[in-house]
Amino acid sequence: MISIIGAGKVGSASAFNILRFRVSDVVLIDINKDVVKGEALDMMQAAPAIEFDGKVKGTNDFSEMEGSEVVVIVAGAGRKPGMTRFDLINANSKIVKSIVKEVVRYAPECKLMVVTNPVDIMTYVAYKESGFKRNRVFGMGNILDTMRFRSYIATELNVSREDIRALVIGEHGDSMVPLVDYATVSGIPIKDLLEKKQIEKIVSLTRTSGADVIRLKGATTYAPTVVIAIMVDAVLRGRNRVMSVSTFLQGEYGFSDISIGVPVILGKNGVERILELKLSPEAKKQLKKSVSIIKDMINKLENNPLIEEFPSKDCMREE
Ligand code: LMR
């Protein structure tokens, strides 16, 4: 069983994807009791048509997450057109901190997956606040960026999206690092098939893709909610998928005390292993920039008088 905290569009659609892909039963939790109950009811009414037997419960009672193998935090404000993800930092860090306290109380053995933006900072907050080992706290960001990167490569080449393999690392934000050197079509480097200008266009579209959707329709839904289901599936079924997630670094890639997107093996224990790739000088430079942007935000957060006690004094780190 898994729990999703936050029954807005992304939380609810993620729950629905997890059910219809037959990944797990879901407890959907939100402070808005009626809405969350309504969402669960609506999903169950769809079940006979697509023949899933999974159960979904909508509740405002945090204790219902007890026994969850994975808890996904989606709650928080989403950015509006013209905003960056960093504009959400103060409001969302308070929300994430308060939810993590409930998670520690009711699901202390879970793997904690963070979706709330800015996701790298919120993953850091959740890691510090939970006291969990770092493998159990990770964020969804770069997998979504990678899907978008793959999608744009496929469109440019007019080939099946299925055959594109690629990776994006770094911040889930404007400074993300699409790794062109590791992008292939059925093993063929895209650099052998595309002109430099075409690749630059793809990289630029990947970086702005979230904002492009938000400008047009106000929020992103389909892509993030499918990615959430894929990540939950990787953990619950111990699939050891290789994907970029936001994870706490302790010296990997030369950086420490930061949560940022890097490739990992995602399985039963959450982050089973961080994969350290050989990066080109340009990718190294871009990753360093991404790190300094996130660190800057973390420092601002730690010094922000609105965010009391960061991390809370009663937080104990797990050995
Ligand atoms: C996304 O990339 O779809 C999410 O992080 C939402 C956003 O603000 O872009």
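When a ligand or atom number is given, it counts from 1 through the structure's own listing order. Bear in mind the structure is a predicted one, so any value in this text is a computation, not a measurement. Only this structure's heavy atoms are used, side chains among them; waters, hydrogens and symmetry mates stay out.
- A salt bridge does not link Asp34 with Lys37: every distance from a Lys NZ or Arg NE/NH1/NH2 to an Asp or Glu carboxylate oxygen is 4.0 Å or more.
- Salt-bridge formation is not detected for the pair Arg136/Glu109: no Lys NZ or Arg NE/NH1/NH2 atom is positioned less than 4.0 Å from an Asp or Glu carboxylate oxygen.
- Ion pairing between a basic and an acidic side chain is recognised when a charged N comes within 4.0 Å of a carboxylate O; Glu200 and Lys197 show no such pairing.
- Each of the following atoms of ligand 1 lies closer than 4.0 Å to a heavy atom of Ile214: 7 (C), 8 (O), 9 (O).
- Only side-chain heavy atoms of Leu144 come within less than 4.0 Å of ligand 1; its backbone N, CA, C and O stay farther off.
- Taking the charged nitrogens against the carboxylate oxygens, Asp174 and Lys289 have no contact shorter than 4.0 Å, which rules out a salt bridge.
- Between Met83 and ligand 1 there is no heavy-atom distance shorter than 4.0 Å.
- Residue, atom and distance of the protein heavy atom nearest to atom 4 (C) of ligand 1 are Asn117 ND2, 3.6 Å.
- Looking from atom 9 (O) of ligand 1 to the surrounding protein, the closest heavy atom is Arg79 NH2, 2.8 Å.
- Among all protein heavy atoms, the one lying closest to atom 3 (O) of ligand 1 is Thr220 OG1, 2.6 Å.
- Atoms of ligand 1 lying under 4.0 Å from at least one heavy atom of His172, given by number and element, are 1 (C), 2 (O), 4 (C), 5 (O).
- Counting only residues at least two apart or on different chains, no salt bridge (charged side-chain N to carboxylate O under 4.0 Å, His left out) pair has a member in residues 40-50.
- Under 4.0 Å is where a charged nitrogen must lie from a carboxylate oxygen, and between Arg239 and Asp233 at least one such pair does.
- Judged by the shortest distance from any of its heavy atoms, Arg148 lies inside the 4.0 Å radius around the atoms of ligand 1.
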